[in-house]
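In what follows, every heavy atom counts, from backbone to side chain, and hydrogens, waters and symmetry copies are set aside. All figures in this text were calculated on a predicted structure; none of them were measured in a lab. Residue indices begin at 1 and follow the sequence shown.
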Amino acid sequence: MLVFTYDDSPVEDYTLTYDVHREYDVPGCVAACPGLMEESDAYLEPDQLREMQADGWDVMSHTYHHRSLGRIELTEPARAGDDRLYVEANRHGAIEDDPLVIFDDESETTATVASRGSDSVGEYVDLAEPLAEPVDPSGYVRYPEAFIEALLERTDDRLESWGLDVTGFVYTYGRYHGVAEDLVRDHHDAVANHRYGGGHNDLEGLDPTTMRRMYVETDKAGEDDVDAFMRTAADEDVLAIVGGHSQFDTLTEDRIRYTIEAALENDLEIVTMAEALAVLDARNE
């Protein structure tokens, strides 16, 4: 089996990927961000997503506004009185007033996002108030557990309010580390990108909340890579998952066609995540 996943719910999921998939009569999965859909014409309309699901596609959660749920490493010490955090990536600074937890093995403090940026030191998150406690440079920043929980619930509730069924989760930016893993697992039976790399998930003893996928965008995989991936998927007892972003120039119509045709030439059954989970359940009965 092979599952196609497309991230972020841009309008190209309808105008590009859906059109190509319909030509081959094979489904895919949209990892949707309902907040982005509500706020910009660059993203799907609920009616479009309903049409896709009615035509056999799956909808997965991708958080409400594409927030990064996993922890991210500090790159400089966070001292008491500092109002700037230097981080490996400033994903958590994307939305003003978001609450943060900054922690290491021995200490923990809280803060509120003001903005984000970068300078000669690196990427940073600016804080609305100075830190009350220091945190070692080996520490991390993340969202509070209750905030993550609320984001997951809000995303599912909004999608369901549009008459959509939600099957599984896709992490934004591939950031899955820390408390987010358990919280996502509590809400969803399947995760398409719990770990980087691979994309062949052994069916024997498979935990669907720890699956991997392979990007098929042209800057991440060549045609030879796609061919090899499909041959392995056909030869081994695996659930194969591929992913991409249809709004990127690197996921072209030609690449989508090539990937579908490579799967079909290897006699792979292209299924939704829900269909794959049903097969797994049947095997385990």
Side-chain angles (χ1 to χ4, degrees), residues 1-32 44 47-62 159 164-170 189-193 198-201 203 206 208 211-218 220-248 250-283:
M1 297 180 293
L2 174 68
V3 174
F4 279 81
T5 61
Y6 297 103
D7 291 4
D8 306 344
S9 53
V11 70
E12 288 85 356
D13 281 351
Y14 187 84
T15 60
L16 174 62
T17 58
Y18 181 44
D19 271 357
V20 175
H21 276 249
R22 278 191 296 186
E23 292 179 24
Y24 294 89
D25 194 26
V26 296
C29 304
V30 174
L44 294 172
D47 282 346
Q48 293 171 320
L49 198 48
R50 276 193 293 267
E51 178 185 343
M52 296 168 75
Q53 188 162 83
D55 199 25
W57 283 56
D58 269 3
V59 175
M60 306 180 76
S61 169
H62 200 42
L159 291 169
L164 298 162
D165 297 322
V166 181
T167 304
F169 185 83
V170 175
D189 294 332
V191 176
N193 65 337
H200 298 122
N201 300 281
L203 293 182
L206 177 60
M211 296 189 295
R212 304 181 184 206
R213 66 177 177 174
M214 183 184 87
Y215 281 118
V216 293
E217 293 154 358
T218 56
K220 302 232 176 16
E223 291 182 355
D224 289 346
D225 298 314
V226 174
D227 291 338
F229 180 86
M230 298 305 172
R231 286 195 299 271
T232 300
D235 292 342
E236 299 183 3
D237 190 27
V238 298
L239 169 61
I241 305 176
V242 295
H245 300 76
S246 62
Q247 72 271 40
F248 290 1
T250 51
L251 190 62
T252 62
E253 179 178 338
D254 286 346
R255 174 46 58 91
I256 297 168
R257 289 183 187 281
Y258 192 93
T259 306
I260 293 173
E261 290 177 2
L264 297 177
E265 287 168 3
N266 283 276
D267 295 323
L268 291 172
E269 183 179 6
I270 298 173
V271 299
T272 64
M273 184 62 73
E275 290 169 335
L277 293 177
V279 172
L280 291 173
D281 287 343
R283 283 174 60 109

Residues two or more places apart in sequence or in another chain: which of them pass side-chain contact (heavy atoms from CB on, under 4.5 Å) with Gln247? Asp8, Pro10, Glu12, His245
Which atom names give the shortest non-hydrogen contact between Gly198 and Met214, and what distance separates them? O-CB, 3.4 Å
Has Thr5 got a side-chain atom pairing as donor or acceptor with Val242's backbone, closer than 3.5 angstrom? yes
Looking at Cys29 and Met60, what are the two nearest heavy atoms and their distance? CB-SD, 4.0 Å
Counting N and O atoms only, with roles assigned by atom type, does the side chain of Ser246 sit under 3.5 Å from a partner on the main chain of Asp13, one being a donor and the other an acceptor? yes
Tell me whether the count of non-hydrogen atoms from other residues, nucleotides or ligands lying under 6.0 Å of CG in Asp189 goes above 12. no
Using atom types as modelled and distance alone, determine if a side-chain donor or acceptor of Gln53 lies under 3.5 Å from a backbone N or O of Asp165. yes
For Asp19 and Glu253, run side chain to side chain contact (heavy atoms under 4.5 Å, CB included): C-alpha distance rounded to whole Å, both residues' side-chain angles, the deciding distance at 0.1 Å, then the answer. CA-CA 10 Å; Asp19 271 357; Glu253 179 178 338; over 6 Å; no
Considering all heavy atoms of both residues, which atom of Glu51 and which atom of Arg22 are nearest to each other, and what is their separation? OE2-NH1, 4.0 Å
Check against side chain to side chain contact (heavy atoms under 4.5 Å, CB included), Asp227 and Tyr258: CA-CA 9 Å; Asp227 291 338; Tyr258 192 93; 2.8 Å; yes
Between OH on residue Tyr24 and CD1 on residue Ile270, distance to nearest 0.5 Å: 10.0 Å
With His200, the side chain to side chain contact (heavy atoms under 4.5 Å, CB included) member among Asp235, Asp237, Val238: Val238
Would you give the length of the straight line joining atom CD1 of Ile256 to atom CD of Glu23, rounded to the nearest 0.5 angstrom? 10.5 Å
4.5 Å side-chain heavy-atom contact, Leu164 and Arg50: yes
Check against side chain to side chain donor-acceptor pair (under 3.5 Å), Tyr215 and Asp225: CA-CA 10 Å; Tyr215 281 118; Asp225 298 314; over 6 Å; no
Rounded to the nearest 0.5 angstrom, the NZ-CG distance for Lys220 and Leu251 is 10.5 Å
Do the side chain of Thr218 and the main chain of Thr250 share a donor and acceptor less than 3.5 angstrom apart? yes
Looking at Asp254 and Arg257, does any basic side-chain N land under 4.0 Å from a carboxylate oxygen? no
Is there a side-chain contact between Leu277 and Thr167 (heavy atoms, below 4.5 Å)? yes
Intermediate values then yes/no, side chain to side chain contact (heavy atoms under 4.5 Å, CB included), Leu16 and Tyr6: CA-CA 11 Å; Leu16 174 62; Tyr6 297 103; over 6 Å; no
Close side-chain approach of Val3 to Glu275, heavy-atom, < 4.5 Å: no
Measure the CG-CD distance between Leu264 and Glu269 for me, rounded to the nearest 0.5 Å. 10.5 Å
Minimum side-chain heavy-atom gap Val26-Phe4 below 4.5 Å: no
Checking side chain to side chain contact (heavy atoms under 4.5 Å, CB included) for the pair Thr259/Met230: CA distance, chi angles, key distance, verdict? CA-CA 9 Å; Thr259 306; Met230 298 305 172; 3.6 Å; yes
Which pair of non-hydrogen atoms, one from Val170 and one from His62, has the smallest distance, and what is that distance? O-ND1, 2.7 Å
In terms of relative ring orientation, are Tyr18 and Tyr14 parallel, tilted or perpendicular, with 30° and 60° separating the classes? tilted
The reported gap from CG in Asn266 to CZ in Arg231 (rounded to nearest 0.5 angstrom) is 7.5 Å
Looking only at non-hydrogen atoms, find the nearest pair between Met273 and Ile241 and report the distance. CE-CD1, 4.1 Å
Atom of Thr272, atom of Pro27 and distance for their closest heavy-atom approach: CG2-CB, 3.6 Å
How many angstroms lie between CG in Leu206 and CZ in Arg283, if you round to the nearest 0.5 Å? 9.0 Å
